[in-house]
Number of protein chains: 2
Amino acid sequence: MMNQNLESIKVTLDVVCGKWKAVILLTLYEEGTLRFGELKKQIPLINHQTLIKQLKELENDRLIKKKSYQVVPPKVEYSLTDYGQSIKGLLYKMIEWGEQHSEQNKTPS
Amino acid sequence: MMNQNLESIKVTLDVVCGKWKAVILLTLYEEGTLRFGELKKQIPLINHQTLIKQLKELENDRLIKKKSYQVVPPKVEYSLTDYGQSIKGLLYKMIEWGEQHSEQNKTPS
DNA sequence: CGGTATCCAGTCGGATACTG
DNA sequence: CAGTATCCGACTGGATACCG
């Protein structure tokens, strides 16, 4: 039956289709554990509030985990879970496909 | 540089992140060329207008092509382009990942 | 420093009705 | 049969301001 496939792909799409989610994940792959501010520095174009929201969604989806140190000023670290690590190969396949085919998207003159 | 990767993955995400786009592509993989009405029959839950919009976007992105026969009543066939075929493997990888990890999304009780 | 709480604008999926 | 033209509600990304 095809319906199971549709459910499965929906799971995947839900997890990576946020505007900045792939960017955040790729940053954590390359940089490892990062504090909120460091993450913000790596992704300068993202809005403060937007970053918080996207992180929360990724956390709810268990792709990343948050560690809060109870200090002043606050210190919070974000890192990938095993689940988050497991999607790395897929993201790089997406990069690959986008690379290979980006020319085809140019509108003919 | 990482920015090129981000551009590439954006291309990929733009192309598959519509609510029904993956479903439409998967249907065309399995069924081959289909008329509008047949496509609608295969995907009963989609709204008529929504299907038209998603098809138009896929067509603009060159993943599918439309062939109109100038007859009454109208007859239109949709099929995959080579570009559309080329993303098939990626979609099935997405299904695979979603399958393997869907249990992890269940909220703990 | 990192997080809430609001509010706002744009986009997207969808409902309905009409056309050739 | 397939498509266009509207209109609408919901969601999402983002701007701003304030809190611990």
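Each chain gets a letter, A, B and so on, in the order the sequences are listed, and its residues count up from 1.
By the 6.0 Å and 45° rule, A:K66 does not stack over the aromatic ring of A:Y78.
B:K40 comes within contact range of no nucleotide atom at all, as no heavy-atom separation falls under 4.0 Å. Residue B:K21 is out of contact with every strand shown, counting any heavy-atom pair closer than 4.0 Å. Among the protein residues, A:Y78 comes within range of the sugar-phosphate backbone only, with heavy atoms under 4.0 Å from sugar or phosphate atoms but none that close to a base.
Atom C1' of nucleotide C:dG2 and atom CG of A:L34 are separated by 15 Å, given to the nearest angstrom. The CD1-P distance, from A:I46 to D:dG13, rounds to 9 Å in whole Å. The distance between atom NZ of A:K56 and atom C1' of D:dG13, rounded to the nearest whole Å, is 15 Å. Remark: P of C:dG14 and CD1 of B:I52 are 14 Å apart, rounded to the nearest angstrom. Put simply, CD on B:Q49 is 11 Å from C1' on C:dA17, counting in whole angstrom units. For the pair B:F36 CZ and D:dC1 P, the interatomic distance rounds to 11 Å; values are reported in whole Å. Atom CG in B:L39 sits about 10 Å away from atom P in D:dA2, given to the nearest Å. Distance CG (A:L55) to C1' (D:dG13): 14 Å, rounded to an integer number of Å.
The phosphate of C:dA15 has OP1 or OP2 within less than 4.0 Å of a side-chain N or O from B:N47. The side chain of A:R35 places an N or O atom within less than 4.0 Å of a non-bridging phosphate oxygen (OP1 or OP2) of C:dG2. In this model, the phosphate group of D:dG14 is approached by a side-chain N or O of A:W20 to a distance below 4.0 Å at OP1 or OP2. A sub-4.0 Å separation between OP1 or OP2 of C:dG14 and a side-chain N or O of B:T50 is present.
Taking for each of B:K53 and B:H48 the nucleotide of DNA chain C with the nearest heavy atom, the 5'-most of the two is the partner of B:K53.
With 3.5 Å as the limit, one finds a donor-acceptor pair spanning the side chains of A:W97 and B:S86. Checking A:E77 against A:Y69 by side-chain atom types alone, a donor-acceptor pair falls below 3.5 Å.
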